[in-house]
J.: 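Before we start, here is the structure in question, set down as structure tokens.
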Amino acid sequence: MIYSGKAVSVQMLDDGIAELKFDLQGESVNKFNQATVQELTEAGAALKADGNVKGLIVTSGKNVFIVGADITEFTEMFKLPEDEIASWALRANQAFNGIEDLPFPTVCAINGIALGGGLEMALSCDFRVASTVAQVGLPEVKLGLFPGFGGTVRLPRVIGVDNAVEWIAAGGQHKADRALKDGVVDAVVAPEQLKDAAIALVKECLAGKIDHQAKRLEKQVAITLPPLENMMAFQTSGAFVAQQAGRNYPAPMAAVNVMQQHAGMNRDQALEVESKGFAKVAKTPQATALVGLFLADQAVKKANGAHVKKGAKDINLAAVLGAGIMGGGIAFQSALKGTPIIMKDIADKALDLGMGEASKLLAKRVERKRMDAPTMGKTLSMIRPTLNYGDFGNVDVVVEAVVENEKIKQSVLAEAEGHLKDGAVLASNTSTISITRLASALKKPENFAGMHFFNPVHMMPLVEIIRAEKTSDETIATLVKYAQKMGKNPVVVNDCPGFLVNRVLFPYFGGFGMLMRDGADFQQVDKVMEKFGWPMGPAYLMDVVGIDTGVHAAAVMAEGFPERMQYDFKDVSTVMYENKRLGQKNGIGFYRYEEDKKGKPKKVVDEATYELIQPHVAARKEFDDEEIIARMMIPLCTETVRCLEDNIVGSAAEADMAMIYGIGFPPFRGGPLRYIDSIGTEAFVALCEKYAHLGGIYQAPQMLKDMAAKGESFFG
Ligand code: NAD
């Protein structure tokens, strides 16, 4: 053994060829934590010192090669001052240089996923052989960062500027054949041939058939394009990247700038530039939020794993009651992801509509070559439309999605319960009705919970699983499992008006209503909030949700939380509703909707909206952006805190992820609670106090005040 550590080991094979193997003890995958980087430095030194080694292959002892850096270490590390982060990155780079500079040929055998630091490791070898199942990429921009282990230096020198900009700025994960086509790897072989192929390549170098020195040198010198072409390459691709990423995501453009800056330098100078640039992006609020988001996503998965462990049943057959917008969507998604589903309605016409919608969605997939025709046929045949309860005795999970009427739902649920086998789980997709009250109509309330999908079901990643007073852990476990099987991200919450997402969303609409009352222009508010990062502003969002649905839900919220959500003025949404302006669904709401060339609704300004609301609002006036943002965001953020305080949601991570997945909260801001953190709990309480005179939705919850007094934050 030449070197033996907890993550890296080096041993001699035959013919003077050594194998450096990554195999992180106690973990299912390899990742570059600080200890692994340290061991790589030591292993490189041991290899250099060993006089007998003639060549090296680098391998993995896991199913993956290396999944990337250990992101759990980032939060603490990125709290360091910028120059210390830069020094850390430069030091870490010595480990990679140590491998690149070894006095013999080196070949990396990429057996599976090699992302971020994993691919950067491979790039520090002279050659890369990938298995056909390998997946490679530099996805750091998705965390608001860019590669910091030499990726921005080596990749453009290996595959050219244009390709490198695309790989780094888009952060994609690519299959082995694409990596071969772009020159990121030098060969692709079957998994079982990988190690032999890597050894054979080392031997060819040793036999002088391949010049590994020349290959290595390319990575260590300036990029050889003439200066003008060089500049053009960066400028053209840079402009494209800037346009794609948008101003809220600075990392891709920062990566392009860094690559341009060090293009004319040798490796060591270039690495210094990369390290400094990396430290700069690491300190951006976007990196903090996106790294936080990654960790929150892990935390949600862990919480869901714990739920599933509490007795999830197998789901071999599902059923949905109601073939409308939501029922049809649920049936489609269930079938698409492999769970056969019975779709029951009371009207033949509704069943035809539901099946028609599913076929349309599947046909689109076939058209886009994301599915073949036989799979489409098979998927459609997994949805069984029916008008009766014939097969309900075999069903494992039923989701009720009939009209939003408490009496009808109670009677439909009780009727369905009578046809189910013992232990089958029943759920309601209601948006506004208390799950505990619906449960009161059932004989086995323990087998019942809420399962709240968002519209359109196939697009929206969130499903709220709502626990009522008597819901059992097994029921929650089974619904979490079913949502996951459908490819969704479930978040488990406790029952209350609006559950988690609508309870938080409606105070935001409340803030919008007050701004309108005080004379703000809805178009200005939409523009400001879109610039802030929302996919659509509040007026546009209300149009998309449906103004009738919004007005109804607002009334439910007002009844549930009268001290905060009962307003003493006529809301502009009510004015729209009274004038039969229901939003996109009937072509007119705050905006008017015309069909664009693709048949999609396109919003246009309608002056009549101003005339209709004018008698109910103050004279129109301009608000500054900062005030609009504060008046929209405070109610949403404080209500999120209240949900945590009232134990509606189990953790800050779950609350933030639900808002991102459920209503498109700007991901680069990390979620409402991380947004409060970014302002500081104390400063946020002060902001609440500034606007507290507007009403209850602006008042800081006790939990936030306590945290501010103690100097605490949600994410540490
Ligand atoms: P919808 O009006 O499009 O569909 C309701 C369907 O239920 C109709 O096809 C109707 O024929 C059928 N139905 C009525 N009584 C029935 C019965 N006894 N048995 C079987 N089917 C019956 O409504 P939708 O928009 O799909 O909403 C359904 C549920 O989902 C509601 O509770 C709603 O609040 C909730 N929801 C809707 C949205 C949304 O954006 N549309 C989002 C989340 C949740």
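Both ligands and their constituent atoms are indexed starting at 1 by order of listing. Not measured: the values here are computed from a predicted model.
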J.: Please check: side-chain N/O of Thr638 versus main-chain N/O of Pro635, any donor-acceptor pairing under 3.5 Å?
T.: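 Yes, Thr638 side chain to Pro635 backbone: donor-acceptor pair under 3.5 Å.
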J.: Do Glu415 and Tyr389 have side-chain N/O donor and acceptor atoms under 3.5 Å apart?
T.: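 Yes.
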J.: Among side-chain atoms of Tyr593 and Asp543, is any donor-acceptor pair under 3.5 angstrom?
T.: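 Yes, a side-chain donor-acceptor pair sits under 3.5 Å.
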J.: Can a side-chain donor-acceptor contact be found between Asp521 and Tyr610 if the only test is distance below 3.5 angstrom?
T.: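 Result is yes, a qualifying pair exists.
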J.: Can you confirm whether Glu474 sits close enough to Lys310 that some side-chain heavy atom of one is under 4.5 Å from a side-chain heavy atom of the other?
T.: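 In short, these two side chains do not touch, never coming nearer than 4.5 Å.
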J.: Can Tyr482 and Asp396 be counted as having a side-chain donor-acceptor contact under 3.5 angstrom?
T.: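 Side-chain D/A pair, Tyr482 to Asp396: absent.
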J.: Pairs under 3.5 angstrom, nitrogen or oxygen on both sides, ligand 1 versus protein: list them out, please.
T.:
unit_1   : atom_1 : unit_2 : atom_2 : d
ligand 1 : 3 (O)  : Ile325 : N      : 3.1
ligand 1 : 9 (O)  : Asp345 : OD2    : 2.7
ligand 1 : 11 (O) : Asp345 : OD1    : 2.6
ligand 1 : 11 (O) : Asp345 : OD2    : 3.4
ligand 1 : 26 (O) : Ile325 : N      : 3.2
ligand 1 : 26 (O) : Met326 : N      : 2.8
ligand 1 : 30 (O) : Asn429 : ND2    : 3.0
ligand 1 : 32 (O) : Val402 : O      : 3.3
ligand 1 : 32 (O) : Glu404 : OE1    : 2.4
ligand 1 : 32 (O) : Lys409 : NZ     : 2.6
ligand 1 : 34 (O) : Glu404 : OE1    : 2.7
ligand 1 : 34 (O) : Ser431 : OG     : 3.2
ligand 1 : 36 (N) : Ser431 : OG     : 3.3
ligand 1 : 40 (O) : Asn455 : ND2    : 3.4

